[in-house]
Q: 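Pasting in a structure now, in structure tokens, and then I'll have a few things to ask.
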Amino acid sequence: MGEKIRRWLRERRAQLVGTLPVIVFFIVLFWVVQLGFGDQYLLAVSPFTTLFETRLKKYNPPSQYLRFFLVSALALAGARVAVSSLALCVAVNLAMPFALVFMRSSQLNPRRYFPYTMLFAFLQLRPVNLVDSLATQAAVLAACCVTLSAGLLVAGAVRHRAREARSRLHDCVRRLAGDLAHAAESGIDEPLRAELLALRRETAALAYSAREDSSAPPRTVNLLDMLATLAQRTAYLAGNYDWNDRHRTEHAALLAQLAKLTRELDAVVDANADAARRAELAGRAGALLASLSVDEPRFRIFCRSYLNLLLLILRTTDDPRQRVWHMSTAHAARTTLFRKRPTLDSFEMRFSVRCGIVLAVSCSVNLLLPVDHLYWYVLHAYLLLQPFPNESSRRMRTRMAGTALGCVFVHAVALLNLDWVGVMVLGMVLVAPLYAATPGTVTSAFFATAYAVTMASVSIDDGYAMVMRLASLALAVVTVALVNRLVLPTSDRRLFAADVRQLFAMVRSGWGLVRTTLDERVDTVVSSERLLHFQMLHTQANALLDAISEAGEKNAEIAEVARYRDAADRMLFCLWEIACELEQLELLVRLGAVGEDERDAFDAIADLAESHCDPERFGTGVIIAVPMIGGLGSEDVRYVLQQYVERAGELRRAVDDARGALVERPSYLDEVRR
């Protein structure tokens, strides 16, 4: 028991030390606002502390600091319009989430909306600040942005965030080189196959988060994108390949050469590395590509695509003046539509609607009723509303328990009759465990209540403060529970079906990219961005399937999906293989493997495949393309297309075996009754 207590104390101490920069930032900003503008403007401190906490562990480019000011101005303008009248309050609170939630969040990164939407909501908590003192409120936000920028600049200089992504890049390159060396020595066994798939997931997640959250400098983001593609191509090689003794003997030497090149790449991938050594490595990689002679199609395609991308990495690293990857306006628009779907079936749209309704209801009540500290209703409702309803339900339980305990604590403190200085000192002490606690836990809710009610007791009676805290929480729980249950409810089954249907849509979009590549130059960043998004969505679909399978025995509503676990696994595997084949096909087309005299035949094959990409028809009729595929001149293109046809048929059988349970959306009544 003593050892458990000591371990618990060590963990809590480490957690407190880890959050020390956030705690210090909160206290500094608190006193900047308190001394500079007054306690009626302190509600802006929490959103900016959340922004600091969010950006602390990420790379912050110069544009990020400008974004703090611009989005804060947008939130201020929206909040000012919202408090003008009841009608505008409802309209603006319904509309703003589509700018702050839909555009920033995704099912893969659902909480990106949180800091700025929190600022927009919290600015409405005191309407009088916006109506009578708008200039002062704007000055408060400017001071907060300046303090935030200064804090992040200091933290970045101390922690060298720009270098951390480079360090992780080098780690992944070394892992990839080691995996290739192991494959050369022992072939691809099950442990190595699992390692390659894990490396594919990790590099994809690293590259995706670096691009999505600006967690790395732009040039490092490019390298992470290309490394993720290297890892994906290596995992594709291992995904469905018979590594018998003959293949191991034939390909061992070539795999060893690729491992050696990759290991040396690790030493020269930085821009300040020896340029002569980098040029020599590029020369050897180019010579190996030119002399490549491999009979087995899958391995030949892998080697060519791997070496081509290796050369691209070396060229990108070698020239410091080379532009950072960017998309044309047309490609950027296509990729945005590829990732954001403005339909009620998408996670972003469904959560935007729920968030808008919760804000519209709670902010309207706060605007209409002149009740002191009723703004806690808005605060509770916003914090209880989570992207996934199950998380909202958990937070309702923990927040009710923590709030009740916090009120008991405040009642005990009230017996001490602390003066203003004592209350301020106690409040600053409570900040440390508040930010050290895990969000959404009873501990977090306890310290949040203890801090908020203690500070409120300076201006109002502590008994009234406790009653308002509990009453506003009860009202928020009812509001959020009703909205989650009745307004566009979202279960794991619906999310899984939406993910799967989006994966099918991405396959269709992949064919569109192949067509575009036939006619115009397409930067590698376009295919890389799409491939990363496909991989991340595929990973989430797998995670949802695991959750559904675990809950299937307890919840009859999703048991139907759980019964078809084997078919679902086959379906997801086939979708991943098909996406890999389309990426390989796009590369071959980019390298000129489809001649002008073959364009008509290739277009006919693409028409046939693209017209059968919805879940209900996928794989049906594509067998007609087999004779057309045989007429193409490139052996590699023929092989990839034949693999696509075979995989499409296998995918069709998997969906049919599940009798539609994997792709059909549950009905509204099923979602409400769950």
Side-chain angles (χ1 to χ4, degrees), residues 58-59 106 108-109 164-180 193-239 258-259 261-263 265-266 269-270 301-302 304-317 324-327 331 335 338-339 503 506 510 513 522-542 575-584 586-587 590:
K58 297 185 173 83
Y59 168 75
S106 69
L108 308 176
N109 192 358
E164 291 185 2
R166 280 279 180 171
S167 176
R168 297 180 68 184
L169 169 67
H170 284 288
D171 290 341
C172 292
V173 171
R174 287 191 286 270
R175 279 179 64 186
L176 182 57
D179 292 343
L180 289 170
R193 183 174 283 109
E195 154 63 13
L196 287 171
L197 292 175
L199 182 61
R200 174 186 70 88
R201 289 192 298 271
E202 291 172 26
T203 53
L206 178 59
Y208 190 91
S209 62
R211 184 174 293 282
E212 188 90 347
D213 289 334
S214 300
S215 58
R219 196 169 298 281
T220 302
V221 172
N222 293 349
L223 292 172
L224 288 170
D225 275 356
M226 291 185 280
L227 175 63
T229 305
L230 276 183
Q232 179 271 328
R233 289 174 180 175
T234 308
Y236 173 64
L237 174 68
L258 293 179
L261 289 171
T262 305
R263 193 174 295 109
L265 174 69
D266 177 56
V269 74
D270 289 318
I301 293 172
F302 158 71
R304 286 180 177 172
S305 62
Y306 194 97
L307 287 168
N308 271 295
L309 194 51
L310 198 67
L311 287 168
L312 180 59
I313 292 174
L314 289 168
R315 286 199 300 270
T316 301
T317 305
V324 174
W325 281 1
H326 73 278
M327 298 187 193
H331 285 151
T335 302
F338 177 77
R339 297 177 57 177
L503 290 173
M506 288 180 181
L513 183 62
V522 176
D523 276 353
T524 305
V525 65
V526 178
S527 56
S528 174
E529 176 82 2
R530 294 185 176 213
L531 184 61
L532 284 176
H533 191 70
F534 188 96
Q535 289 184 26
M536 295 302 294
L537 198 65
H538 186 273
T539 298
Q540 178 151 29
N542 269 308
L575 281 167
W576 176 63
E577 289 278 296
I578 284 172
C580 294
E581 282 146 9
L582 280 174
E583 191 268 336
Q584 298 281 3
E586 194 267 335
L587 174 68
R590 193 188 309 166

Q: Show, in sequence, the C-alpha distance, side-chain angles and deciding distance for Glu202 and Cys172, and conclude whether the side-chain contact (heavy atoms from CB on, under 4.5 Å) test is met.
A: CA-CA 9 Å; Glu202 291 172 26; Cys172 292; 5.7 Å; no
Q: Output, in order, the C-alpha distance, side-chain angles, deciding distance and verdict of salt bridge (Lys or Arg N to Asp or Glu O under 4.0 Å) for Arg263 and Asp266.
A: CA-CA 5 Å; Arg263 193 174 295 109; Asp266 177 56; over 6 Å; no
Q: So, for Ala207 and Ala228, which heavy atoms are closest and what is the spacing to 0.1 Å?
A: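 That would be CB-CB, 4.1 Å.
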Q: Minimum heavy-atom separation for Met226 and Leu309, please, with both atom names.
A: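 Distance-wise, the nearest heavy atoms are O-CD2, 3.4 Å.
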Q: Closest approach of Leu531 and Glu583, non-hydrogen atoms and distance?
A: CD2-CG, 4.0 Å
Q: Can you tell me how far the CZ atom of Arg590 sits from the CG atom of Leu513, to the nearest 0.5 Å?
A: 8.0 Å
Q: May I ask you to decide if Leu206's main-chain N or O and Arg168's side chain share a donor-acceptor pair within less than 3.5 Å?
A: no
Q: Quick one: CZ on Arg166 to CG on Leu223, what's the gap to the nearest 0.5 Å?
A: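 So the CZ of Arg166 and the CG of Leu223 are separated by 5.0 Å.
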Q: To check you understand the geometry: which heavy-atom pair defines the closest contact between Arg200 and Ala235, and what is its length?
A: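 Nearest heavy atoms, Arg200 then Ala235: CD-CB, 3.9 Å.
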Q: Would you call Leu180 and Tyr306 a side-chain contact if the rule is heavy atoms closer than 4.5 Å?
A: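 A side-chain contact exists here, since the closest heavy-atom pair is under 4.5 Å.
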Q: Roughly how far, to the nearest 0.5 Å, is the CG atom of Leu261 from the CG atom of Leu311?
A: 9.0 Å
Q: Would you compute the distance between atom CD1 of Ile301 and atom CD of Gln584 and round it to the nearest 0.5 angstrom?
A: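 With rounding to 0.5 Å, CD1 (Ile301) is 6.0 Å from CD (Gln584).
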Q: Is there a side-chain contact between Tyr59 and Val221 (heavy atoms, below 4.5 Å)?
A: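 No, every pair of side-chain atoms sits at 4.5 Å or beyond.
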Q: Restricting to non-hydrogen atoms, name the atom on Ala204 and the atom on Gln535 that form the minimum distance, rounded to 0.1 Å.
A: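 Heavy-atom minimum between the residues: CB-OE1, 3.0 Å.
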Q: Hey, could you give me the CG/CG distance between Leu310 and Leu227, rounded to the nearest 0.5 Å?
A: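 One gets 10.5 Å once the value is rounded to the nearest 0.5 Å.
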Q: How far apart are the C-alpha atoms of Arg233 and Leu587, what are their side-chain angles, what is the distance that settles it, and do they pass the side-chain contact (heavy atoms from CB on, under 4.5 Å) test?
A: CA-CA 12 Å; Arg233 289 174 180 175; Leu587 174 68; 3.8 Å; yes
Q: Kindly indicate, with the supporting measurements, whether the criterion side-chain contact (heavy atoms from CB on, under 4.5 Å) is fulfilled by Arg175 and Thr203.
A: CA-CA 11 Å; Arg175 279 179 64 186; Thr203 53; over 6 Å; no
Q: Which value, rounded to the nearest 0.5 Å, describes the distance between Asp225 atom CG and Tyr208 atom OH?
A: 11.5 Å
Q: Test Thr234 against every option in Thr229, Leu199, Leu176 by the side-chain contact (heavy atoms from CB on, under 4.5 Å) rule and name the one that passes.
A: Leu176
Q: Specify the closest pair of heavy atoms between Trp576 and Leu197, including all atoms of both residues, with the distance to one decimal.
A: CH2-CD2, 3.9 Å
